Amino acid sequence: MPSNTTDTTSNALRQQEVTRLSVNINSETAEKLRWYKEHKQTSITETVRRAVALLYLVEQESDGGNEILIRSKDGKSVRQLWMI
């Protein structure tokens with residue numbers, strides 16, 4: 001195998017490194033995670049990854065002075081999301 005192929009494989013593996021976490025959550029939070037997992041037909045790992053990505057996006061936008069708005073389907077109602 002050429003050395004550049006090995007280097008490419010090593011770089012790809014490093015980018016996919018996994019960190020195992022153990023967290024304590026209450027039953028209400030666990031149920032919400034299970035609901036999302038079933039609703040979206042995904043894994044708990046993917047569910048947590050999406051939740052963290054969403055939280056990160058909301059925080060970045062809020063920190064930048066932007067508002068996070070939730071608009072109803074009919075467009076008549078708008079709520080602002082506040083993170084504390």
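As the structure is a computational prediction, the values presented were derived from the model and not from experiment.
In terms of the salt bridge (Lys or Arg N to Asp or Glu O under 4.0 Å) criterion, residue partners of E28 (sequence neighbours excluded) are, by chain and number, K32. The side chain to side chain donor-acceptor pair (under 3.5 Å) test applied to T42 returns no partner, not counting sequence neighbours.
Rounded to the nearest 0.5 angstrom, T29 OG1 and R34 CZ are separated by 10.5 Å.
Closest heavy-atom contact between I44 and L33: CD1-O, 4.1 Å. Of all heavy-atom pairs between I68 and S62, the closest is CG1-OG, 4.0 Å.
Between R50 and K40, some side-chain heavy-atom pair lies under the 4.5 Å cut-off.
Cluster membership for V48 and I25, using ILVMFWY side-chain heavy atoms within less than 4.5 angstrom, is shared.
The environment of Q60 atom CD is dense: over 12 non-hydrogen atoms of other residues, nucleotides or ligands sit within 6.0 angstrom.
Within the structure, no pair that satisfies the salt bridge (charged side-chain N to carboxylate O under 4.0 Å, His left out) test touches residues 56-74, not counting sequence neighbours.
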